[in-house]
Protein chains: 2
Amino acid sequence: MARTTVAEAGQHAYRRLREGITSGQFHPNERLVEASVANRLSVGRTAVRAALVRLDQEGLVTLEPNRGARVRLISDREALEIEEVRATLEAMLARRAAERATPADLRELRRMVVEMRQRVEEEDAFGYSALNAPFHQRIWAAADHPTTSRLVGSLKSQSIRLQYQTILRPGRTERSLREHEAIFEALKAHDPDAAEAAMREHLAEVLATLRWAIEGQHGTPRWLPG
Amino acid sequence: MARTTVAEAGQHAYRRLREGITSGQFHPNERLVEASVANRLSVGRTAVRAALVRLDQEGLVTLEPNRGARVRLISDREALEIEEVRATLEAMLARRAAERATPADLRELRRMVVEMRQRVEEEDAFGYSALNAPFHQRIWAAADHPTTSRLVGSLKSQSIRLQYQTILRPGRTERSLREHEAIFEALKAHDPDAAEAAMREHLAEVLATLRWAIEGQHGTPRWLPG
DNA sequence: ATCCTCAATAATGTCGACAATTCGGTGTTG
DNA sequence: CAACACCGAATTGTCGACATTATTGAGGAT
């Protein structure tokens, strides 16, 4: 029989809401009225409540006493801070990954890099960007450091909003590809210093692009999702 | 009368429970039955439930569907991982702190170092250890990087269990004091590289001490709840 | 004795009702 | 006309009741 695990509606609500927020379905600063969300997701208010508490702790929504929840708006400053932390931690993970990447890890990473190159040659910036996350995640897996992986994953979901805009920068994909290739080479050579340096450089570029995107949006006072 | 904001019992329960866990009042792996906790803290079950969800997200308790909550037992491996992350992030904070420490920051840090030295001279290891956290926190404040500070603070609360045992290592306090002094000197000189290096070295020592403590407790195969 | 079945119990998951609070508007008063 | 107290709708906070699920222990069959 269809074992749909009816129990734990809370988990369900949490995932749906989280997905809704990170995918931009709910806008930053949008109010999340418990009742509305509840019947939108076809779950009870209790479940929504639990989900909101979780998301508050996670930093994706803010929860004010007696005043409800809203999607947390990450300030520009905070977005940069998050990216800085992410860079620091991912550099550490890259170092570890270089020390212990298995042949299987390297095979998979090579496959990804090849696919990325194809996307760049086809000038498919969006397709390229979609391969970005899996590539990084595979490195986290190779680093075998669950605590940090969890942390970095959580950070990433908080700063999604600006992630999209970084795709648009002209010439960014080519450069990004070269950086990814450098990281891969360092991992393949099992050279921790090189891997850490390459990852640090890559994320410094991302950070710079982020600054560029933030500058840009100040000129263009519209940044709502299309 | 004396309306102490009766609303928000959830916050209250959260703080009490958190305090109880980090202070060791509740032991690792101990089951947290909602009803018991509720009337122990004189709050409703709803509030306890919310608190547990928060603490689960925070990593201080584990929450299994239909099977309740228990105080999370941090494995040795995980404790080391946490300490590693903390080291990485605090090194970054020290770097930033060196760049932007104000005279007030430095005055305060000097005061703390002086007091630490006194404690060491009095051979008051426990008193010395109590000054440890404020010293680090002051550096975080100087770094002016709230995102990271929050993160590091959260990590620290997860690994409290082993923190105490590190005090016991012979000769540790003297060495720790010298490390702290080195960090202070680097901050005072506004030398980011030196500050980062000093902090990194300090926390590498802490990590080593942690490993030592973990080895030690393997000799004593008693860790079951009493 | 060991394993299995199955009721009894304890604890969690969910819901609906109601109290408490916030917020926007409305009418009153100076 | 502005400031202000106040009412009402909307929303959140809390509680108790009940359904659902795990766990325990006794009894029976092999």
Side-chain angles (χ1 to χ4, degrees), chain A residues 1-18 20-21 25-73, chain B residues 1-18 20-21 25-73 224-225:
Chain A
M1 1 267 172
R3 183 183 38 212
T4 48
T5 312
V6 177
E8 232 19 270
Q11 291 282 72
H12 180 68
Y14 168 69
R15 275 194 286 267
R16 293 267 321 257
L17 239 184
R18 189 178 206 287
I21 292 173
Q25 212 170 325
F26 296 98
H27 311 35
N29 244 344
E30 178 176 347
R31 244 190 112 184
L32 297 174
V33 177
E34 294 177 2
S36 316
V37 175
N39 75 353
R40 176 162 175 179
L41 302 185
S42 310
V43 298
R45 199 157 72 93
T46 309
V48 173
R49 199 145 237 281
L52 289 175
V53 169
R54 258 207 175 75
L55 291 167
D56 174 59
Q57 193 70 25
E58 200 173 349
L60 264 66
V61 315
T62 60
L63 207 48
E64 286 175 298
N66 289 320
R67 305 194 47 204
R70 30 183 86 240
V71 178
R72 176 132 176 251
L73 171 72
Chain B
M1 340 282 173
R3 276 267 179 277
T4 49
T5 313
V6 177
E8 235 16 86
Q11 290 282 70
H12 179 68
Y14 169 69
R15 276 193 286 266
R16 292 270 318 258
L17 240 183
R18 190 178 205 287
I21 292 172
Q25 210 169 327
F26 296 99
H27 307 55
N29 243 341
E30 178 175 347
R31 246 191 111 183
L32 296 174
V33 177
E34 295 177 0
S36 316
V37 175
N39 73 355
R40 177 163 175 177
L41 303 185
S42 311
V43 297
R45 198 158 73 94
T46 308
V48 173
R49 198 147 238 279
L52 289 176
V53 170
R54 259 211 176 73
L55 292 167
D56 174 59
Q57 193 71 23
E58 199 173 349
L60 265 66
V61 315
T62 61
L63 207 46
E64 286 176 296
N66 290 320
R67 305 193 52 204
R70 29 183 87 238
V71 178
R72 177 132 176 250
L73 171 73
L224 290 171

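Below, each value reflects all heavy atoms present in this structure, side chains not excepted, and no hydrogens, waters or symmetry copies. Just so it is clear, the model here is predicted, and its values are computed rather than measured.
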> Is a side-chain donor or acceptor of R45(A) paired with a backbone partner of A35(A) at a separation under 3.5 angstrom?
Replying inline: no
> Is the base of dG13(D) touched by the side chain of R45(A) through a donor-acceptor pair closer than 3.5 angstrom?
Replying inline: yes
> Can you tell which of D56(A), V53(A), L52(A) makes a side-chain contact (heavy atoms from CB on, under 4.5 Å) with V53(B)?
Replying inline: V53(A)
>> Using whole Å, what does the distance between atom P of nucleotide dA11(C) and atom CG of L63(B) come to?
In response: 16 Å
> How do P65(A) and V43(A) order along DNA chain C: which one's closest nucleotide is nearer the 5' end?
Replying inline: V43(A)
>> If you define the side chain from C-beta out and look only at heavy atoms, does anything of L55(B) sit under 4.5 Å from R18(B)?
In response: yes
>> Could you tell me how far apart E64(A) (CD) and dC23(C) (P) are, to the nearest whole angstrom?
In response: 9 Å
>> In whole Å, I'd like the distance from the OH atom of Y14(A) to the P atom of dT14(C).
In response: 16 Å
> From the list dT12(D), dT14(C), dA11(C), which nucleotide is the closest neighbour of the side chain of V33(B)?
Replying inline: dA11(C)
> How long is the line joining CG of N39(B) and C1' of dA10(C), in whole Å?
Replying inline: 15 Å
>> Distance check needed: dC15(C) C1' versus R49(B) CZ, whole Å only.
In response: 12 Å
> Counting any heavy atom closer than 4.0 Å, what does L32(A) reach on the DNA or RNA strands: base, sugar-phosphate only, or nothing?
Replying inline: sugar-phosphate
> When rounded to the nearest 0.5 angstrom, what distance separates NE2 in H12(A) from CG in L17(A)?
Replying inline: 10.0 Å
> Between dG13(C) atom C1' and Q11(A) atom CD, what is the distance in whole Å?
Replying inline: 12 Å
> Out of dT12(D), dT14(C), dT12(C), which has the shortest distance to the side chain of N66(B)?
Replying inline: dT12(C)
> From the list dA22(D), dG13(C), dC15(D), which nucleotide is the closest neighbour of the side chain of E34(B)?
Replying inline: dG13(C)
>> V48(A) and side-chain contact (heavy atoms from CB on, under 4.5 Å): which single residue from V33(A), V37(A), L32(A), N39(A) fits?
In response: V37(A)
> Between R31(B) and G44(B), which is nearer to the 5' end of DNA chain D once each is assigned its nearest nucleotide?
Replying inline: G44(B)
> Taking CZ from R67(A) and C1' from dA10(D), how many angstroms apart are they, rounded to a whole number?
Replying inline: 14 Å
